[in-house]
Amino acid sequence: MQLLLDLHPDRYPLEGFRQRQLLEWVFVQGVGTFGAMTNLPAEVRADLAARYTLNPFREIETVRSADGSVKYLFTLLDGRQMEAVYMPYLDRKTICVSTMVGCPAKCAFCATGAMGFGRNLTPGEIVGQVLAVAGGEGLAPRELRNLVFMGMGEPLLNYEHTMQAARILLHPQALGMSKRRVTLSTVGLPKGIRRLAAEDDLGIKLAISLHAPDEATRQRIIPTGHRNSIAEIMAAAREYQAVTGRRVTFEYSMLRGVNDHLWQAEELAELLRGLVSHVNLIPMNPWDGSGFESSTEEEIQAFYDVLAGRGVDVSVRRSRGKDAGAACGQLALKRPGAAPAPA
Ligand code: SF4
């Protein structure tokens, strides 16, 4: 049986106003069964139910953080598991979605990387996270207006499915999100960044997890750094900006004694010269067995001061959901027996 959410909204299996009704039920009302679509004739609903499934998840569990963030643990129809995080702020509601079960990138400081790779998510399994989180929080799906592809997985390694999901998120008859509020975060894959720049109908934002300005440090913490040099990544970022005209965000997880030296702040500022960019300094979120610790507030401030003093647009991101294991780099299915099955 096919997952309806995997389809592009223009290819939903009804026509004319019936198709609009179906899209409205799924993406505006957020109903989870065909039976609840009361303005569709009974035989149409029965036919849809015989051919399609609406819900990509077998089970959904939540862990609520004291700061209001909620980690959603999804069990997919094949029994594999992955997570999304809901982060309510005063002025916006943000969701961080996964694009894979586990992740092959294996960044040394990331709990998801330590899990290994399970499989790619389908477009419907990605979009389904938004619908499920909205339902879980008592919101209409369109109330979730900010989305980051920053959960489990490297989105540019699940390129087609992530792009299809983005098209569904932005489609005016589906979730109708603004492209300015959708961000794709990558570990830095030059080929994928160039491909993304060429998706001119999309226009979503790009964030690059750089985490170090020098090759030796970067290769130590990001294994893909052995294949993609910082020079190649920066060249791709500059090309992306030249093609799209958009600012590029750089994520920088602050690891004590590893990438937080002031000479590294100087080198980072040098790397960013001439690029319209923003740097997010992220205190490292600890997890059992990571082998790293976060830089202290003072160390982060000193790093920040060097960057700001060199004219870099920089901020410190306060992580949400730490106590729920839902912060950046912590997503790793904290439940017994919850590791992903091998690919
Ligand atoms: S930081 Fe992102 S790319 Fe790196 S292992 Fe974790 S999920 Fe994968």
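Order of appearance sets the numbers: ligands from 1, and atoms from 1 within every ligand.
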J.: Looking at Gly113, which atoms of ligand 1 are within less than 4.0 Å of one of its heavy atoms?
T.: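 So the answer, numbered in order with elements, is 5 (S).
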J.: Ring of Tyr240, cation from Arg194 - is the NZ or CZ under 6.0 Å from the centre and inside 45° of the axis?
T.: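 Judged by the rule (NZ or CZ under 6.0 Å from the ring centre, within 45° of its axis), Arg194 is not positioned above Tyr240.
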J.: Does at least one non-hydrogen atom of Gly153 fall below 4.0 angstrom from an atom of ligand 1?
T.: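 Under 4.0 Å: yes for Gly153.
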J.: Checking Arg20 against Phe17: charged group under 6.0 Å from the ring centre and within 45 degrees of the axis?
T.: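 Not satisfied by the 6.0 Å and 45° rule.
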J.: Could you tell me, atom by atom, which parts of ligand 1 come under 4.0 Å of a heavy atom of Ala105?
T.: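 The atoms of ligand 1 under 4.0 Å from a heavy atom of Ala105 are 3 (S), 8 (Fe).
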J.: Please find out if atom 8 (Fe) of ligand 1 and some N, O or S atom of Cys103 are separated by less than 2.8 Å.
T.: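 So Cys103 does bind atom 8 (Fe) of ligand 1 by this criterion.
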J.: What pairs of donor and acceptor atoms, side-chain ones from residues 130-138 against any protein atom, are under 3.5 angstrom apart with sequence neighbours left out?
T.:
| unit_1 | atom_1 | unit_2 | atom_2 | d |
| --- | --- | --- | --- | --- |
| Glu137 | OE1 | Arg64 | NH1 | 3.4 |
| Glu137 | OE2 | Arg64 | NH2 | 3.1 |
| Glu137 | OE2 | Tyr72 | OH | 2.4 |

J.: When you check the gap from the basic side-chain N to the acidic O, do Lys71 and Glu61 get nearer than 4.0 Å?
T.: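 So Lys71 does not pair with Glu61 through a salt bridge.
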J.: So, using salt bridge (charged side-chain N to carboxylate O under 4.0 Å, His left out) as the criterion, who are the partners of Arg220 when residues are at least two apart?
T.: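 Applying salt bridge (charged side-chain N to carboxylate O under 4.0 Å, His left out) to Arg220 gives none.
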J.: Could you tell me, atom by atom, which parts of ligand 1 come under 4.0 Å of a heavy atom of Lys106?
T.: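 What qualifies from ligand 1 is 5 (S).
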